[in-house]
2 protein chains.
Amino acid sequence: MKLSRKSDYALRALLTLGDRYGEGPVSIRELAEKNDVPQRFLEQIMLDMKKLGWVSSVAGRIGGFQLAKRPEEITMGQVVRHFDGVLAPIACVSSTHYESCSQESHCRFRRVLLEIRNYTSKLMDQATLAKVMRGAPVAREEVFSNFVFADGI
Amino acid sequence: MKLSRKSDYALRALLTLGDRYGEGPVSIRELAEKNDVPQRFLEQIMLDMKKLGWVSSVAGRIGGFQLAKRPEEITMGQVVRHFDGVLAPIACVSSTHYESCSQESHCRFRRVLLEIRNYTSKLMDQATLAKVMRGAPVAREEVFSNFVFADGI
DNA sequence: TAATATCCGACTAATTTAGTCGTATTTTAG
DNA sequence: CTAAAATACGACTAAATTAGTCGGATATTA
C-alpha cells in the first residue's frame with residue numbers, strides 16, 4: 001500500500017473535524033490552512049466524503065463541514081480503501097480487489113505479501129478517528145531507530 | 001508499499017534461479033516462459049540485477065543467468081527496495097527515503113503508518129530467497145479468510 | 001446586496017509504469 | 001566457417017495515474 005496525497009489530505013481534514021466534533025461546521029479554507037493542503041483540491045475531497053456520508057456540509061456565509069458520524073465510526077482503512085482503492089501490496093492478495101495471476105498455484109513469495117496485507121488491514125481497520133486523535137505524534141528518531149517486534153511475529 | 005511488475009518479475013526469476021542453484025545458467029527465454037513474463041522486459045531486469053551482483057551471466061549459444069550469491073544472501077527487501085525504491089507507505093516514515101512534512105510535529109496518523117512500515121521491512125528483510133523457496137504456496141481461501149493475529153501485536 | 005461559503009464538472013501537466021524495438025556482440029554446434 | 005541462439009546496450013513510447021487547477025453556479029447571512 002502506498003498512501004496517496006488524497007488519502008493523506010482526507011485524513012488530515014477528518015482529524016481536524018474530529019477535534020471540533022459537536023462544535024459546528026469548519027470551512028474548507030480553515031481546514032486547508034491548518035493542514036497545509038491546496039484549498040481547491042481539498043474541496044474535491046470534502047465533496048467526495050460528503051457523498052459517502054462521512055461528513056455533512058452547511059452552505060453559505062458561515063458554512064463548512066462537520067463529521068456526520070462519530071469519530072469511533074470512521075477508520076483509516078475506510079479512508080484509504082476509498083481514495084487509494086486497495087490496501088494490499090498486490091492484487092493477488094487483496095480480498096476487496098482480488099485478481100488472479102497465472103502463477104498463483106505455485107507462487108511462493110505471495111505468502112509474505114499476504115502477511116503484510118493482513119497486518120496492514122488489521123491496523124488500518126482498528127485505527128478509528130477517535131483512537132488516532134488520542135495518539136501521540138511520532139518522534140523523528142522513531143523513524144530511524146530499528147524498531148524490534150516481539151519474537152515470533 | 002505497492003509491488004511493481006518489475007519487482008514481481010525479478011522475484012519470479014530469482015526463485016527459479018534459486019531452484020537451479022549450482023546447475024549452470026538458465027536462459028532468459030526459459031525464465032520468461034516458466035514465469036509468464038515478457039521476455040524483452042525480463043532481459044532489462046536481469047541485466048539490472050547483474051549490475052547489482054545478484055546474478056552472473058554466460059553469453060553465447062548456451063548462455064544464461066545464474067545466482068551470483070547464495071539464496072540465503074538475497075532478500076525480498078533488497079529486491080523491492082531496488083526496483084520500487086521504498087517499502088514505506090509514505091516518505092515521512094521511510095528510513096531510506098525519508099522526507100519531512102510540514103505536519104510532522106503534530107501528525108497523529110503517522111504512527112499507524114510507521115508501524116506498517118516496521119512490520120513490512122521486518123518481513124521483507126527476513127524473507128531470503130532460501131526461506132521463500134521452501135515456503136508453501138498460498139491457498140486461495142487464505143486470501144479471503146479473515147486471518148487473526150495473536151493478541152497485542 | 002455584497003461577501004463568503006459550498007457545489008459541480010471539465011481540464012491538464014507531470015510523472016510513473018510497463019513495456020517495445022533495433023542492433024551489436026559473444027559463444028558454440030555442426 | 002557459419003548459422004543459430006544467447007547476452008548486451010540504449011533509445012523510444014503508449015497508457016495510466018497522480019496531483020492538482022480553473023470557471024462558474026448556487027446558497028446563506030451580515
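The distance from the CG atom of B:Leu17 to the CG atom of B:Leu129 is 9.0 Å, given to the nearest 0.5 Å.
Remark: A:Ile62 pairs with no residue by the side chain to side chain contact (heavy atoms under 4.5 Å, CB included) rule, at least two apart or across chains. With sequence neighbours excluded, no residue forms a side chain to side chain donor-acceptor pair (under 3.5 Å) with B:Glu33. In this view, B:Glu30 and B:Arg20, B:Lys34 satisfy the side chain to side chain donor-acceptor pair (under 3.5 Å) rule, not counting sequence neighbours. Under the salt bridge (Lys or Arg N to Asp or Glu O under 4.0 Å) criterion, A:Asp36 pairs with no residue, sequence neighbours left out. In this view, A:Ser57 and A:Lys50 satisfy the side chain to side chain donor-acceptor pair (under 3.5 Å) rule, not counting sequence neighbours. Listed by chain and number, the residues in a salt bridge (Lys or Arg N to Asp or Glu O under 4.0 Å) with B:Arg134 amount to none (sequence neighbours excluded). Residues passing the salt bridge (Lys or Arg N to Asp or Glu O under 4.0 Å) test with A:Arg5: none are found, sequence neighbours excluded.
If you check residues 16-33 of chain B against DNA chain D, the residues with a heavy atom closer than 4.0 Å are B:Ser27, B:Ile28, B:Arg29, listed by number.
Under a 4.0 Å N-O distance rule, the pair B:Asp8/A:Arg110 does not qualify as a salt bridge.
At D:dA8, one or more side-chain N or O atoms of B:Ser57 fall inside 4.0 Å of OP1 or OP2 (strictly under the cut-off). For the OP1/OP2 pair of C:dC7 and a distance below 4.0 Å, the side-chain nitrogens and oxygens of A:Lys50 include at least one atom meeting the criterion.
Rounded to a whole Å, the CE atom of B:Met49 is 12 Å from the P atom of D:dA8. In this structure, B:Met46 places its CE atom 9 Å from P of D:dT7, rounding to the nearest Å. Rounding to whole angstrom units, CG of residue A:Leu52 and P of C:dC7 are separated by 14 Å. If you measure from atom CG of B:Asp48 to atom P of D:dG10, you get 12 Å, rounded to the nearest angstrom.
Legend: salt bridge (charged side-chain N to carboxylate O under 4.0 Å, His left out) pairs involving residues 53-80 of chain B, not counting sequence neighbours, sorted by first then second residue: B:Arg70-B:Glu72, B:Arg70-B:Glu73. For residues 78-100 of chain B, every residue pair satisfying the salt bridge (charged side-chain N to carboxylate O under 4.0 Å, His left out) rule, not counting sequence neighbours, is listed here: B:Arg81-B:Asp125.
Ranked by how close their nearest DNA chain C nucleotide is to the 5' end, A:Lys51 and A:Gly63 are led by A:Gly63.
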For nucleotides 18-30 of chain D, 5' to 3', base contacts (B), sugar-phosphate-only contacts (S) and non-contacts (-) with protein non-hydrogen atoms under 4.0 Å give -SBBBBB--BBS-
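Taking five base pairs at each end of the helix from C:dT1-D:dA30 to C:dG30-D:dC1 and finding the rotation axis that steps the C1' atoms of four pairs onto the next four gives two axes whose angle is 0°, to the nearest 10°.
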